[in-house]
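Encoded as structure tokens, the structure appears first; notes follow it.
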Amino acid sequence: MHSVKAGDTRRKPWIVGVSGASGTPYAASVLRALLAAGESVDLVVSRASRLTLLDETGISFRDAHWRDDLRQWLARGADGKPDTFDVPSRTLDDVRYWAAGDLAAGPSSGSYATKGMLIVPASTACVAGVALGLSKDLLQRSASVTLKEGRRLVVCVRESPLNGQTLKHLVSLDEAGARVLPASPAFYAGATHIQDLVDFVAGRVLDAADVPHSLYRRWEGELGSASGGG
């Protein structure tokens, strides 16, 4: 785990929070794209998300070995194939990992400078906690700080169906200034692989954060382009 060091005052990261909802490939795609865009990242992985990551990828995410585990995670394709993506060790040089239980971590304070926070995927429990300001762990606390400081918060909710209480929580987040973005893949970009659908959602998360990327083909007003007829 990283601690804040003297001389890092110009570093202004995006906080990426990963909750326990299904959808760890979405988080991996967002992280790869942020790093490819030259962005600094502060990573918070909830306790529940470790179970989801283990179930979806077979990767055990460990505090003491987070760098090796993160590299393995980011190299994995959405179809489960390992080493789909090349992730050199130096790619992770500007990633800081903060344990979910570390409420004294940098992102827990408004004086810790960040560009904002992306929660991907966001479970309904995470949505409720942030909407109610519970701050039960670092992920929720970081989101609360992001809102109170008026910084960009993107919540990529991954659940279906949504009950009335969750919908109310999402409305509360929208009213508080968050961008609520359901993990809803589209097909007009000409997806031919599961990775294309994952990257579309990740790309929309980055669009909401105004981070440039090339994760999907944008709509240009030409019918039939997704099927190759445009």
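These numbers were taken from a predicted model, which means no experiment stands behind them. All residue numbers in this chain count up from 1 along the given sequence.
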Quiz prompt | Criterion salt bridge (charged side-chain N to carboxylate O under 4.0 Å, His left out) on Arg204 and Asp207, from CA distance to verdict | solution = CA-CA 5 Å; Arg204 295 300 289 155; Asp207 287 345; 3.0 Å; yes
Self-check item: Worked check of side-chain contact (heavy atoms from CB on, under 4.5 Å) between Leu70 and Leu31
Solution: CA-CA 10 Å; Leu70 177 60; Leu31 287 165; 4.2 Å; yes
Practice problem: Go through Val155 and Val130 one step at a time and tell me if the side-chain contact (heavy atoms from CB on, under 4.5 Å) criterion holds. | Solution: CA-CA 10 Å; Val155 180; Val130 176; 5.8 Å; no
Self-check item: Full working for side-chain contact (heavy atoms from CB on, under 4.5 Å) between Leu35 and Leu92
Solution: CA-CA 8 Å; Leu35 295 172; Leu92 306 182; 4.0 Å; yes
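The cationic group of Arg158 does not satisfy the cation-pi geometry with Tyr26, failing either the under 6.0 Å distance to the six-membered ring centre or the 45° limit from the ring axis.
Between the CG atom in Asp68 and the CD1 atom in Ile59 there is a gap of 11.5 Å [rounded to 0.5 Å]. Here the CG-CG distance, from Leu74 to Asp69, works out to 11.0 Å after rounding to the nearest 0.5 Å. Taking CG from Leu173 and CD from Glu175, the interatomic distance works out to 9.5 Å, rounded to the nearest 0.5 Å. Rounded to the nearest 0.5 angstrom, Leu170 CG and Gln165 CD are separated by 10.5 Å. We find the CD1-CG distance between Ile15 and Leu118 to be 9.0 Å, quoted to the nearest 0.5 Å. Note that CG of Asp174 is 11.0 Å distant from CG of Leu153, once rounded to the nearest 0.5 Å.
Put simply, the side chain of Leu197 reaches to within 4.5 Å of the side chain of Phe187, judged on heavy atoms. Taking the side chain as every heavy atom from C-beta outward, Val30 and Val201 never approach each other to under 4.5 Å. Within the 4.5 Å cutoff, the side chain of Pro121 has no heavy atoms near those of the Val157 side chain. In this structure, the side chains of Asp199 and Tyr216 stay at 4.5 Å or more apart for every pair of heavy atoms. Between Val41 and Pro13, the closest side-chain pair of non-hydrogen atoms is not below 4.5 Å. Contact of the Arg152 side chain with the Arg179 side chain is registered, since non-hydrogen atoms from C-beta on lie closer than 4.5 Å. Residues Leu206 and Leu215 are in side-chain contact: their nearest non-hydrogen atoms beyond the backbone lie under 4.5 Å apart. In this structure, the side chains of Trp73 and Val87 stay at 4.5 Å or more apart for every pair of heavy atoms.
In Arg218, the CZ atom is crowded: over 12 heavy atoms of neighbouring residues, nucleotides or ligands sit closer than 6.0 Å. Atom NZ of Lys81 is surrounded by 12 or fewer heavy atoms from other residues, nucleotides or ligands within 6.0 Å.
Residues Leu167 and Val180 fall within the same hydrophobic cluster, defined by Ile, Leu, Val, Met, Phe, Trp and Tyr side chains chained together at heavy-atom separations under 4.5 Å. Under a hydrophobic clustering in which Ile, Leu, Val, Met, Phe, Trp and Tyr are joined whenever their side-chain heavy atoms come within less than 4.5 Å, directly or via other members, Leu162 and Val171 fall into different clusters.
In summary, the side chains of Asp55 and Thr52 do not present any donor paired with an acceptor at a separation below 3.5 Å, with no hydrogens or angles considered.
When all heavy atoms are compared, the tightest approach of Ser108 to Val145 is O-CG2, 3.4 Å. In this structure, Ala37 and Pro212 approach most closely via the heavy-atom pair CB-O, 3.9 Å. Scanning both residues, Leu103 and Leu138, for their nearest heavy atoms gives CD2-N, 3.6 Å. Here the closest non-hydrogen pair linking Leu147 and Gly177 is CD2-C, 4.5 Å. Among all heavy-atom pairs drawn from Thr84 and Gly77, the shortest one is OG1-N, 3.4 Å. Residues Ser89 and Asp93 share a closest heavy-atom pair of O-OD1, 3.7 Å.
Judged by distance alone, the side chain of Glu159 and the main-chain N or O of Thr124 form no donor-acceptor pair under 3.5 Å. Under the 3.5 Å distance criterion, the side-chain polar atoms of Ser49 are matched with a main-chain donor or acceptor of Val18. Checking side-chain atoms of Gln195 against main-chain N and O of Asp79 turns up no donor-acceptor pair under 3.5 Å. At least one donor-acceptor pair under 3.5 Å links the side chain of Ser19 to the backbone N or O of Ser123. A donor-acceptor pair under 3.5 Å links the side-chain atoms of Asp137 to the main chain of Gln140, judged by distance alone. Of the possible donor and acceptor atoms, one in the side chain of His213 sits under 3.5 Å from a partner among the backbone N and O of Gly203. A donor-acceptor pair under 3.5 Å is absent between the side-chain atoms of Arg76 and the main chain of Pro25, judged by distance alone.
Between Asp63 and Arg50, at least one side-chain N (NZ, or NE/NH1/NH2) sits under 4.0 Å from a carboxylate O, which counts as a salt bridge. A salt bridge links Asp42 with Arg11: the closest approach of a Lys/Arg side-chain nitrogen to an acidic carboxylate oxygen falls below 4.0 angstrom.
Taking the six-membered ring where tryptophan is involved, the planes of Tyr188 and Trp219 are perpendicular, since the angle between them exceeds 60° and thus also 30°.
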